[in-house]
Amino acid sequence: MEPKAWDRLIDVYSFPHPTQTLRVVQTHISYVFITDLFVYKIKKPVSFGFLDYTTLEKRKHFCEREVMLNRRLSPEIYLGVVPVVKTSKGYKFEAEGEIVEYAVKMKKLPEEGMMVNLLKEKKVTEAHIDSIVSVLVPFYQKAETGERVNSYGRIEVIRFNTEENFAQTKEFVGLALAKYKYEHIIQFTRKFLEENQVLFQERIDKGFIRDGHGDLYSANICFENVNKVYIFDCIEFNERFRCGDVCSDIAFLAMDLDFYRERSLSEYFITQYVSKSQDQGINKLLNFYKCYRAYVRGKIGCFTYASTQQTRPEKYEFLEQARRYFDLAYQYAEGIPKLIVFMGLSGTGKSFLSQNLMSKLPAVYLSSDITRKRLLSLPESKHYYAEFEKGIYTPEITEKTYKKMIEMAKEELSYGRDVIIDATFRDKKYRSWLLEGIKEVKAEVFWVWCTAEDNVVRERLFKRKENTCSDALWDIYLAQKDKFEPPKECSPLLVLDTTYPVETLMKSLVEFLKI
C-alpha cells in the first residue's frame, strides 16, 4: 500500500473547528498541519532502522508516547491523540468513521515566538537564554535516571550511535561533506571515546545520565514572552536518542546557536547552565557532543534531501543545511578547513575550475565579480563594461571588494567551512591582506595560479561574453597582464596551464589539495 500524500488530502474543511488558514510543514518523518488554533502531526509510515512507523498500531503507540513524554516540559500545549477518519466527504480529524491514521493534537504556539524565527531575525537575547536555563536545570534534576536509563550512558551505546551515523551518511560523502572531513570526524570520535572511558563512566556514577529531551534545539523552543518558554517535541521513537548524558542535550542547543552564528550566546548558555546546575563536567565533553549533534543534524538534512516528495528548491536548501552542519561537526572535531584561492588574469579559467572543484568539494564560493556587484547593489548577471580601473572597477571599489571577500572568508572558515575564492589577486598587497585577515582563524591555505596563452584567452573572452558575471574584455586582460605581480611569495602554489583537458587539471587539483 502506497503511503498517503496527506499534504494533498487534507484541506481547511478537514478539521472539527473553523480555520481560515492551513499551513503544511513536511519533515522526513511527519506531516504537520498548522491551523488557526491548533497543530496536528501525522507520522509517516517510514522506517530508518532507528525509527519504525510502518504500521498504524505503531504510529498510534508513538503518538501516545509523544504526548506523554512532552507533557513533562510543556503540559499546556499537548492536548492528546486524535483519530483521522475517512468519510464520504474526505478525510477528517476527530470525526466518526473508518480510522485510517492518528495524529498528535497540540495548542498552536505563536510563530513570532518560535526561537528559530527569533534567531533568524537576530532577536534572541541573554534574557531568552536565562529563561531556557531556568526550565532546563530543574527538568534534568527531576528527569528519570537509574539502571535502565544509565545503560544509555555506557560507552558501547555511545559508540553504536556514532558509528550508526557514519554508516548512514557514507553515501552522501562528496555531496554533503568532503571525504577528508568525513574521515577526520570518524578518527576524532573514535579516539575521544577510546581515551575518555573513565570520564564517561564518571558521568554515569555521578547521575548525569537522564531520560531527557533528545532534540533540544531552536525549532522545538517557543517564547510566549521573554519569561515564558515552551520546550516541546522531544524524541519519542527511540529511547537511545532521548536518554543519555545531560551534556548531549545541552550541547545540542549550544551547537544550534553556533549554527545561527550566535557564538557569544552559545558560550553564555553553557556558562549559565553550568553555573546554575553545578555540572562542571559538561565542559570536558562539550565539543564531543557538539560534534555528535551537528553530525546528526547533517544526517537528517541528507535524509530529507533524499526524500522524493520534496520539491527541487527545498531539496537543495536541505542539502546546503546538511553541509553547514557537517562543517560545524568538523570544526568541533578540531579539524582545519581549507582556503583555496584561484588567482590569475581574466579568462584564464579560474571560475571554470572553481565550479568543477565544487562538484568534488562542498565549499563556500566567493567571487570578486559577484561580491563587487553585491556591494554596489547591482544585478550579478548584468554587465558593466568600463575602461581599466574605471566605472565599478576603480581601485577604491576593488579594495572594498577584496576586504569584503576576506571578511566573509574569515567568518566561514571560523565555522569549519572550506572556502574557494575566485579573483585575479594581481596585486601582492591583496594577497598579503588575505593572509593577515585570516590569521586569527585556523585554515590551510592553497594558492592556484591559472594561466593560458594569449590567443586562448582571447577566444575564451569572446565566447563567454553572455555566460559569466565577469565584465572583463580583451583590453582589460591586456591591462591586467601589464600590472600583474607574479605570486612568488605564495606557498603552497600550484600553477595550472588551463589549456589542458579538465580531467587532467582536476586530477592535479585533487592531489594538490589532498582531498
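Quantities reported herein were computed from a predicted structural model and do not represent experimental measurements. When a residue number appears, it is its place in the shown sequence, counting from 1.
- Nearest approach of Tyr295 to Ala329, heavy atoms of both residues: N-CB, 4.0 Å.
- Using a 3.5 Å distance cut-off with no hydrogens or angles, the side chains of Ser354 and Ser351 do not pair a donor with an acceptor.
- Panel note: side chain Thr169, backbone Phe172; no donor-acceptor pair is recorded below 3.5 Å.
- Relative to the ring axis of Phe166, Lys181 does not place its NZ or CZ within 45° and under 6.0 Å from the centre.
- Atom CD of Glu94 has more than 12 heavy atoms from other residues, nucleotides or ligands within 6.0 Å.
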* Report the C-alpha distance between Leu175 and Arg323 in whole Å, list the side-chain angles of each, state the deciding distance to 0.1 Å, and finish with yes or no for side chain to side chain contact (heavy atoms under 4.5 Å, CB included). => CA-CA 8 Å; Leu175 176 67; Arg323 289 171 171 172; 4.1 Å; yes

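- The two residues Ile221 and Phe232 come nearest to each other via the heavy atoms N-CE2, 3.6 Å.
- The side-chain tip of Arg263 points at the ring of Tyr415 from less than 6.0 angstrom away and within 45° of straight on.
- In this structure, the side chain of Lys315 engages the main chain of Tyr305 through a donor-acceptor pair within 3.5 Å.
- In summary, Glu66 and Lys43 engage in a salt bridge, as defined by a charged side-chain N under 4.0 Å from a carboxylate O.
- Side-chain N or O atoms of Asp215 include none that pairs as donor or acceptor with a backbone N or O of Ile235 at under 3.5 Å.
- Residues Val173 and Lys179 come closest through the heavy atom pair CG1-CA, 3.5 Å.
- At least one cation-pi condition fails for Lys44 and Tyr53: the charged atom is not both under 6.0 angstrom from the six-membered ring centre and inside a 45 degree cone around its axis.
- In this structure a side-chain-to-backbone donor-acceptor pair under 3.5 Å is present from Asn238 to Phe50.
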